[in-house]
Asker: 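Mind looking over this structure? Questions follow.
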Amino acid sequence: MMMKLLGRSLLWGLAGAVLLPLGVGAAMLVFTIFEPICTQPSDSGGCAMGIATILGLLIPVGAVLFLLTTLIRGALRG
């Protein structure tokens, strides 16, 4: 029972490492399209690097968030 929960938590953790950055990345791309500062030639590189930095930082956050959520839900279900 415990190994099944741990395995499921690890799989959800891997999924979270992909899904959270994808969702936030899509939202940030939409934001940069409509942000007037990011469409000017003088700051377009800064906006692009901001997206890359945030997405890189969200990979471990998504993994831990999904893993812990699955572990807690599994423990509460019994």
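Heads up: numbering here begins at 1 and tracks the sequence. The structure displayed is predicted, hence computed values, not measured ones.
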Asker: Quick one: list whatever passes side-chain contact (heavy atoms from CB on, under 4.5 Å) with Ala75, sequence neighbours left out.
Answerer: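 side-chain contact (heavy atoms from CB on, under 4.5 Å) list for Ala75, sorted by chain: empty.
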
Asker: OG of Ser9 to NZ of Lys4: how many Å apart, nearest 0.5 Å?
Answerer: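 Ser9 atom OG to Lys4 atom NZ measures 12.0 Å (nearest 0.5 Å).
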
Asker: Rounded to the nearest 0.5 Å, what's the gap from CG on Leu5 to CZ on Arg77? Could you check?
Answerer: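 The distance works out to 10.0 Å.
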
Asker: Do Thr32 side-chain atoms and Leu29 backbone N/O form a donor-acceptor pair below 3.5 Å?
Answerer: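 Checked: pair present.
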
Asker: Taking atom CZ of Arg8 and atom CE of Met3, what is their separation to the nearest 0.5 Å?
Answerer: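 One gets 13.0 Å once the value is rounded to the nearest 0.5 Å.
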
Asker: For side-chain contact (heavy atoms from CB on, under 4.5 Å), just list the numbers for Leu57 and Thr53, CA-CA rounded to whole Å, side-chain angles, deciding distance to a tenth of an Å, and then say yes or no.
Answerer: CA-CA 6 Å; Leu57 292 173; Thr53 302; 4.2 Å; yes

Asker: CG/Leu6 to CG/Leu67 distance, rounded to the nearest 0.5 angstrom?
Answerer: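 Result: 7.5 Å between the selected atoms.
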
Asker: For Leu55 and Pro21, work out which heavy atoms get closest and say how close.
Answerer: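 Here Leu55 and Pro21 meet closest at CD2-O, 3.2 Å.
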
Asker: Does one hydrophobic cluster hold both Ile54 and Phe31, with members joined at side-chain heavy-atom distances below 4.5 Å?
Answerer: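 Each belongs to a different hydrophobic cluster.
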
Asker: Quick check: closest heavy atoms across Phe66 and Trp12, and the distance to 0.1 Å?
Answerer: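 Closest approach of Phe66 to Trp12: CB-O, 3.2 Å.
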
Asker: Can you tell which of Leu71, Thr69, Leu76, Thr70 makes a side chain to side chain contact (heavy atoms under 4.5 Å, CB included) with Arg73?
Answerer: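 Exactly one pass, corresponding to Thr69.
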
Asker: Can you tell me how far the CG atom of Leu19 sits from the CG atom of Leu58, to the nearest 0.5 Å?
Answerer: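 So the CG of Leu19 and the CG of Leu58 are separated by 12.5 Å.
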
Asker: Do Leu20 and Ile51 share a hydrophobic cluster, counting only Ile, Leu, Val, Met, Phe, Trp and Tyr and linking them when any side-chain heavy atoms are less than 4.5 Å apart?
Answerer: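 Leu20 and Ile51: one cluster.
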
